Amino acid sequence: MKKMAMFLGTAMLMTTILTGCGGTSEETDNGGKENQADTGTGGDTETVTDTNSDDIVIWAFAEPHAEYFRWVTEEYKKEHPDVNFTIEIMTTDALSERLAVINASGGEGAPDLVDQEQGFFSRFMSEEQMCYYPLDEFMERDDVTDKMVKNRLDLYAYDGHYYGLEHALCPVTMAYRKDLFEEYNIEIPTTWEEYKAAAEEFAKHDIYISATKDMSMGGELDEIVLLLRAAGLDYVDENGKLNITDEFKNIVMDYVQMQQNGMMYAWETQDEAWPVVAEDKVATYFTADWAAGWLRDNVPEQSGKWQMAPLPKLTDTASVVSVRGGTGLCMTKYTDKDKEELWDFMKFAQLDKDNCVKKYEMIALYPPVYDAMPECNSPVEYYDNQNLGELYESLADEIPVQYQADWRNAFTESFNSNAYDLVEGNISIDELTDILTEAVNDYNESK
């Protein structure tokens, strides 16, 4: 069986674009927490010269993804020597803006394939803006929903059609300091109530249960949504409508109170959190597969002290895993290339078992493809030689649906801009709910 030579490479730590930075959704698949200070995803746009008009043009938004495409296109050319590729890399904002301009001008200058970050897909969720070609016929013919975790495909669904093939499973689990839980005789929490109780116990020893974005500055909406999503209670319902539940209100206030009571370390930029983690002051960390290496790279001296567990359940029926981020490979409707040939490459890049394993080795994206999962399971030294891939595989079919809505950004911006008043007691959670509802309604009426 083919094994990974190394679990997480530094390539996965490229900067990301997050909520409030350029109008994205609340998380992306190539970087961390909401409203982190970094605002770029892939560095400078890659310069491309002497592009042949016959080349298949791929746009990517992050260097690690471009690195994979460079490799996989060369592999594809071994079997298809007459096919050539041009890979352009740009920031997530630039990619979406360029697509919008191209769409408005009738498609001139459009690429053939786009590495579409899921948080920006919602920008194209209208008849006027949809610039992608529906893949339903290809997917049905090749049994894609049997080969790949279906809930990951729903990120790129609109109006009954699928438009993209997902790169990664993006499972979110709970990293925890095994030694701290043992030292203070605290049970690993399996429910949200147990998690809050553990926070109270750790606070007695000047240890934070976690380090999260300062609520008064707009976050930690991302982690709140993680728990809600695992419980099937995301604020976007299956019909793309706003759905603010009592659970949403309660967990927002839980985060406010835990930060105010000193149970969570509240950071302005995430860089502020790592010295606190290094001082053995943080007990847990909710993390997706692609961010599991952040601890290793920022606090390498804690190797062997961390392990990974399922998420604490928000409700009795909640899943023990959530999902954060995603990127799908999409075909533009403006391409003049043979669509069968493009689909053949898309399958090769996104569904081929060996290539999915190579992607995990290169850029730490755990595959959403069933037959590749067993090939990505090996001990991870930093996590006390725990087999993280085995954990992810066991949770694959519990990965929750992450519904899309074109108004997500309006919701997030409204939440961020009013969170300070909520924390300061200037508005109540019910008043915030009214404000959020009005922001979404205003957005929908403006379309």
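Bear in mind that the values here come from a model prediction, so they are computed numbers and not experimental data.
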Trainee: Can a salt bridge be assigned to the pair E63 and R70 using a cut-off of 4.0 Å between side-chain N and carboxylate O?
Mentor: yes
Trainee: Decide if the gap between the ring center of F61 and the ring center of H65 is smaller than 6.0 angstrom.
Mentor: yes
Trainee: Step through it carefully: locate the ring centre of F181, locate the ring centre of F202, and say whether they are under 6.0 Å apart.
Mentor: yes
Trainee: Report the C-alpha distance between K305 and D384 in whole Å, list the side-chain angles of each, state the deciding distance to 0.1 Å, and finish with yes or no for salt bridge (charged side-chain N to carboxylate O under 4.0 Å, His left out).
Mentor: CA-CA 7 Å; K305 296 181 178 181; D384 196 26; over 6 Å; no
Trainee: Return yes when atom CD of E424 has more than 12 non-hydrogen atoms of other residues, nucleotides or ligands closer than 6.0 Å, and no otherwise.
Mentor: yes
Trainee: Determine, for K359 against E67, whether the closest basic-nitrogen to carboxylate-oxygen distance falls under 4.0 angstrom.
Mentor: no
Trainee: Considering only heavy atoms from C-beta outward, does the side chain of M264 approach that of I209 to under 4.5 Å?
Mentor: yes
Trainee: Please confirm whether the ring centroid of Y195 lies under 6.0 Å from the ring centroid of F286.
Mentor: yes
Trainee: Any salt bridge between D371 and K353, counting N to O under 4.0 Å?
Mentor: no
Trainee: Do D93 and R123 sit within salt-bridge range, that is, some charged N less than 4.0 Å from a carboxylate O?
Mentor: yes
Trainee: Please check if the distance between the ring centroids of Y235 and F411 is under 6.0 Å.
Mentor: yes
Trainee: What's the spacing between T173 OG1 and M308 CE if we round to 0.5 Å?
Mentor: 4.0 Å
Trainee: Given Y265 and V277, is the side-chain contact (heavy atoms from CB on, under 4.5 Å) satisfied, shown in steps?
Mentor: CA-CA 10 Å; Y265 177 74; V277 176; over 6 Å; no
Trainee: Assess the side chains of D214 and S216: does a donor N or O sit below 3.5 Å from an acceptor N or O?
Mentor: yes
Trainee: Measure from the side-chain N and O atoms of W407 to the backbone N and O of G240, and report whether any donor-acceptor pair falls under 3.5 Å.
Mentor: yes
Trainee: Looking only at side-chain N and O atoms, does E445 offer a donor or acceptor that is under 3.5 Å from a partner on N441?
Mentor: no
Trainee: Is it the case that T212 and Q259 place a side-chain donor and acceptor less than 3.5 Å from each other?
Mentor: yes
Trainee: Would you kindly say whether D154 and Y162 are connected by a side-chain donor-acceptor distance under 3.5 Å?
Mentor: yes
Trainee: Only one of Q116, E166, H161 clears side chain to side chain donor-acceptor pair (under 3.5 Å) with Y156; which?
Mentor: E166
Trainee: Centroid-to-centroid, Y366 to Y392, below 6.0 Å?
Mentor: yes
Trainee: Among pairs that include at least one residue of residues 236-258, which meet ring-ring contact (aromatic ring centres under 6.0 Å, His included), considering only residues two or more places apart or in two chains?
Mentor: W192-Y255
Trainee: Within the distance-only criterion (no hydrogens, no angle test), does the side chain of R152 pair as donor or acceptor with the backbone N or O of L169 below 3.5 angstrom?
Mentor: yes
Trainee: Assess whether side chain to side chain donor-acceptor pair (under 3.5 Å) is satisfied between Q270 and K213, documenting all intermediate values.
Mentor: CA-CA 7 Å; Q270 197 175 36; K213 176 77 174 181; over 6 Å; no
Trainee: Does the gap between the ring centers of Y132 and Y163 come in under 6.0 Å?
Mentor: no
Trainee: Establish, from distance only, whether the side-chain atoms of D421 and N426 form a donor-acceptor pair under 3.5 Å.
Mentor: yes
Trainee: D430 vs K249, test: salt bridge (charged side-chain N to carboxylate O under 4.0 Å, His left out). Steps then yes/no.
Mentor: CA-CA 8 Å; D430 288 329; K249 298 176 186 179; 3.0 Å; yes
Trainee: Would you say N355 and Y360 are linked by a side-chain donor-acceptor pair, where the criterion is simply a distance under 3.5 Å?
Mentor: no
Trainee: Looking at Q260, I want to see if its CD is surrounded by more than 12 non-hydrogen atoms of other residues, nucleotides or ligands under 6.0 Å.
Mentor: yes
Trainee: Indicate whether the side chain of Q302 and that of D280 have a donor and an acceptor atom separated by less than 3.5 Å.
Mentor: yes
Trainee: Between D143 and K147, does at least one N-O distance fall below 4.0 Å, as a salt bridge requires?
Mentor: no
Trainee: When you measure from the side chain of Q404 to the backbone of S122, do you find a donor-acceptor pair of N or O atoms at a distance under 3.5 Å?
Mentor: no
